[in-house]
Amino acid sequence: MVSDELLEMRTKTVKGSEKAEGKAAAKKHMLKALNEVKRIAKAEKLQAKIVAKKRANTKRAETKGNSELITKTKSEEEKALAVLNKIRRAKTAAEAELRTAVAALKGDTVEATPGTPGASSSSLGPEIPVDIESQLHELEKGVDYLETYPVNEPYAYVVIEATNPLIYRVHEVTLTKGEEELLKEVKTYLYETLDVDFTGVIKPEEFLRKRVEGVIKEFALEHSLSPESMDKIMYYIHRDFIGYGKLDPIIRDKMAEDISADGPGIPLYVYHRNYGSIETNIIFDKEELDALIYRLSQRSGRHISMAKPLVDASLPNKDRLQLSLGSEVTTRGSTFTIRKFREVPFSPINLVEYGTFSMEIMAYLWMAVDNGANILIAGGTASGKTTTLNAIAMFIPPESKIISIEDTREINLLHQNWIPSVTRETEEGGHSIEMYDLLRTALRQRPEYVLVGEVRGVEAHTLFQAMATGHITMSTIHAESADTVVRRLTKRPIDVPLMLLDSLDIIAIQRQVKIGDKAVRRCTKIIEVTGINFENETLKTNELFTWKPDVFEFTGESRLFTKIMEKLNIDEEDLVVEFTRRRRILEGMKARGMSDFQSLNRVLLDYTMNPEETEKRMAVEE
């Protein structure tokens, strides 16, 4: 049923379809042009405040002498100034339009000013981005902020408010009262008439737009609805039907690593790449949160109910998902946690640029992976274990056969000869497939490299048996030190015999540490396993690299290098040349900004064919 407000809009459409003549039309045009000039003047005034704020930030950065911060603040100042100039150009054009409208009302004619042609206010609209007006509104309210950036331009953006504690505020384009009422009616109509699984629709956005346009036409509102209003309405239709509703802007934010809902009526929390864990302005009531839990479960292809209230899964975009339904298991109500999946994984060069590894450690790991070392990456939660695993796996020769095994998909390789496998939970009438089953099957497929997402159960027996029989393996484990690794592996529930651990070559210890006021990830130790101390039930180890804030130190001789010399039948001098060559190539790639997998892949292929020529081409002068 169409509301009174929509009926009123329909009446206006019928009246508006009658062609206005003479002074009535001229007056309407003049008022419209006047309002546009006022709107742009307001935007200009407030954007000038933003420019002044950015300029002050640049001066503060120059006072501190931080070159990286100076570059960033100058870039932000230039962007703000570019927007201000764009607004001023729009204002000049709008003023020319207003002069033309006033002259028409008086019955005069005015020639368009060169460079500022008469244009309708609708054509001037795009000159001012939608998100800018919202940012300016924040300044007008006196809200200070550390950063603002779009996540779905120009309809949704994020503001990091400089409060104590920080607030992560999502802003979406605002609707007028009439637009809100129309959106509500359109959504109700679509919910009642649509019976479509959007995962099977090739172009869901186009499909939805056609359906919405049909509804608008049925309501006889197509002539009264401006293109801008239609775009805003379509944003919310896409968000709620194809996206994730109120959660959608955060899902789109590439700076958000984790998203946590702790229960109804409690603000969502985001783990931000730059600011750590911060509260958001998004809150779900019980009905909204339960509905979202069911929706996330359906999107992941898993079933959740009060009988089975816990689900671990992955969303279609590969984000890792954990759900709980109701208050029996989680007493504050339904919850969810989303760990964002990076579509393009960090490369070894990226990790060096971020300071997680030194160039020497990365050259060492390149040699280790290339020569078949078994590597275990240990660390606490969110210490970057899987990120490191993805990065060093890029050193695997491009033609090698790789099989990865996980319970939830996190490993993301760009190799062609790669079989990613994941476990399957028992569904009604189905048969579960555990990591042990996948690993046992993988070993029959003659892989050259086996990657296990995380060692945590009986599959560890098969993994270490695979190491002992010559398969090259890489994996991660929750542990903070080499001793903790041994205790976890040799005690229940994993229970691997101590003697099998001798097949392990390298343990990399990852931690999340504080540098100043910023949380960062660092590889704090590279430890080589040199043998087993059966008397103390520990590993004999050699700490090769150690991180001391914020410097990596080489602290011992490498047993792995000795193995490589024996394998390749080379002496120590040749080994040093090989190590130095690889380090110089990586430094050259960093200097040239070649941080993507494709560049690394080309260099690896070239290096295999002609190491000396590759070094000459890539290395930078020292």
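These numbers come from a predicted model, not from an experiment.
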I need the minimum non-hydrogen distance between [X] and [Y], along with the two atoms involved.
X: S404; Y: P420; value: OG-CA, 3.3 Å
X: I564; Y: M367; value: CD1-O, 4.1 Å
X: A482; Y: I509; value: N-CD1, 4.2 Å
X: A378; Y: V485; value: CB-CG2, 3.8 Å
X: S421; Y: I403; value: OG-CG2, 4.2 Å
X: L413; Y: A393; value: CD2-CB, 3.6 Å

| Which is it for D370 and R582 under the salt bridge (charged side-chain N to carboxylate O under 4.0 Å, His left out) test, yes or no, and what are the steps along the way? | CA-CA 11 Å; D370 205 17; R582 297 190 188 220; 3.1 Å; yes
Do [X] and [Y] come within less than 4.5 Å of each other through their side chains, counting heavy atoms only?
X: I250; Y: Y168; value: yes
X: M474; Y: N374; value: no
X: L600; Y: M589; value: yes
X: L560; Y: N371; value: no
X: I392; Y: I377; value: yes
X: T524; Y: Q510; value: no
X: T423; Y: E406; value: no
X: L292; Y: L247; value: yes

Short side-chain to backbone donor-acceptor contact, [X] and [Y], under 3.5 Å:
X: R409; Y: K318; answer: no
X: T608; Y: L604; answer: yes
X: R592; Y: M618; answer: yes
X: T148; Y: V158; answer: yes
X: N390; Y: N412; answer: yes
X: T280; Y: R169; answer: no
X: T614; Y: D606; answer: yes
X: K74; Y: T58; answer: no
X: S324; Y: T335; answer: yes
X: S400; Y: I396; answer: no

| request: Could you point out which residue of I375, L539, I526 forms a side-chain contact (heavy atoms from CB on, under 4.5 Å) with I507? | output: L539
| task | Would you mind telling me which of E557, E528, K525 makes a side-chain contact (heavy atoms from CB on, under 4.5 Å) with L544? | result | E528
| field | Stepwise salt bridge (charged side-chain N to carboxylate O under 4.0 Å, His left out) test for K563 and E566 | value | CA-CA 5 Å; K563 284 185 176 180; E566 292 172 358; over 6 Å; no
Whether [Y] and [X] form a salt bridge (side-chain N of Lys/Arg under 4.0 Å from carboxylate O of Asp/Glu) is what I want to check.
X: D312; Y: R302; value: no
X: E587; Y: R583; value: yes
X: D505; Y: R559; value: no
X: K590; Y: E353; value: no
X: E257; Y: R521; value: yes
X: E612; Y: K616; value: no
X: R511; Y: E480; value: yes
X: K340; Y: D253; value: no

| said: For S475, give me all partners under side chain to side chain donor-acceptor pair (under 3.5 Å), at least two apart in sequence or on another chain. | reply: none
| task | Applying side chain to side chain donor-acceptor pair (under 3.5 Å), name anything that partners R295, two or more places apart in sequence or on another chain. | result | none
| query | Any idea how F561 and Y364 line up, ring-wise: parallel (<30°), tilted (30 to 60°), or perpendicular (>60°)? | reply | perpendicular
| said: Which label fits H415 and F597: parallel for a plane angle under 30°, tilted from 30 to 60°, or perpendicular past 60°? | reply: tilted
| request: Take M255 and E147 through the test side-chain contact (heavy atoms from CB on, under 4.5 Å) and record every step on the way to the result. | output: CA-CA 12 Å; M255 299 304 292; E147 187 177 2; 5.7 Å; no
| ring pair (Phe, Tyr, Trp, His ring centres under 6.0 Å) evaluation trace for F545 with F552 | CA-CA 7 Å; F545 293 94; F552 294 93; 8.1 Å; no
| Lys/Arg cation over aromatic Y244: R299, 6.0 Å, 45° cone | yes
| message | Could you tell me if R342 sits above the aromatic ring of F346, with its cationic atom closer than 6.0 Å to the ring centre and no more than 45 degrees from the axis? | response | yes
| request: Any chance you could lay out the side-chain contact (heavy atoms from CB on, under 4.5 Å) test for F579 and L575, step after step, and finish with the verdict? | output: CA-CA 6 Å; F579 176 80; L575 182 83; 5.5 Å; no
| request: Determine, stepwise, if the pair L268 / F336 fulfils side-chain contact (heavy atoms from CB on, under 4.5 Å). | output: CA-CA 10 Å; L268 260 66; F336 67 81; 4.2 Å; yes
| query | Do we see a donor-acceptor contact under 3.5 Å between the side chains of S595 and S347? | reply | no
| Does a donor on one side chain sit under 3.5 Å from an acceptor on the other, for T484 and S481? | yes
Taking distance alone, no hydrogens or angles, what donor-acceptor pairs closer than 3.5 Å link side-chain atoms of residues 448-467 to residues at least two apart or in another chain?
from	atom 1	to	atom 2	distance (Å)
E448	OE2	K401	N	3.0
Y449	OH	V369	O	2.8
E454	OE1	R456	NH2	2.8
R456	NH1	D407	OD2	2.1
E459	OE2	R456	N	3.0
E459	OE2	G457	N	3.0
H461	NE2	I494	O	3.0
H461	NE2	D495	O	2.9

| task | Working to the nearest 0.5 Å, report the span between OH of Y271 and OG of S260. | result | 11.5 Å
| task | Report the distance from atom CG of L586 to atom CZ of R581, rounding to the nearest 0.5 Å. | result | 13.0 Å
| request: Might you confirm whether atom CG of N569 has over 12 heavy atoms from other residues, nucleotides or ligands at distances under 6.0 Å? | output: no
| Is E205 atom CD crowded by more than 12 heavy atoms from other residues, nucleotides or ligands, each under 6.0 Å away? | yes
| query | Could you go step by step and tell me if W547 and V513 meet the side-chain contact (heavy atoms from CB on, under 4.5 Å) rule? | reply | CA-CA 11 Å; W547 176 80; V513 297; 3.7 Å; yes
